[in-house]
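Quick caveat, the model's predicted, so the values are computed rather than measured.
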Amino acid sequence: MKKIVPFILLAFFSLRLFASVGPHIQQLEHDGFTILRSALIVGAICFVISFVIKKFKKPSTVMTKTDDGSE
């Protein structure tokens, strides 16, 4: 049940997205490269942010292990 609800929500979102994009297909054919470039830039930024967050989380856990003073 937990996996079905997100799938249904994703399906509804996708249908609404395609329904709103449908009337503008002619314009999107001309802007395809710009949309693709924007999607790649946003994806790269999200990847870098997640990488930086993971990088900063690891040292804090290592500090707590070495901070207890046991050898």
Side-chain angles (χ1 to χ4, degrees):
M1 182 67 181
K2 289 182 181 180
K3 292 183 179 180
I4 294 173
V5 173
F7 178 73
I8 292 172
L9 291 175
L10 180 65
F12 283 142
F13 175 74
S14 299
L15 287 173
R16 288 300 306 149
L17 181 66
F18 289 130
S20 64
V21 168
H24 308 287
I25 293 296
Q26 294 293 333
Q27 182 64 29
L28 289 176
E29 288 177 356
H30 300 291
D31 296 337
F33 179 73
T34 306
I35 293 170
L36 181 62
R37 184 183 64 200
S38 299
L40 288 174
I41 290 171
V42 169
I45 289 172
C46 290
F47 177 76
V48 168
I49 289 172
S50 67
F51 182 75
V52 168
I53 289 172
K54 287 179 186 177
K55 188 79 171 173
F56 282 119
K57 279 189 175 181
K58 285 185 180 180
S60 64
T61 58
V62 172
M63 281 288 230
T64 56
K65 287 182 182 178
T66 59
D67 210 13
D68 61 8
S70 63
E71 290 183 6

Shared hydrophobic cluster, Ile4 / Phe12 (ILVMFWY, side-chain heavy atoms < 4.5 Å): yes
Is Phe33 close to Arg37 at the side-chain level, that is, under 4.5 Å between some pair of heavy atoms? yes
Joint hydrophobic cluster, Phe51 plus Val42, side-chain heavy atoms closer than 4.5 Å: no
State the SG-CD1 distance between Cys46 and Ile41, to the nearest 0.5 angstrom. 12.0 Å
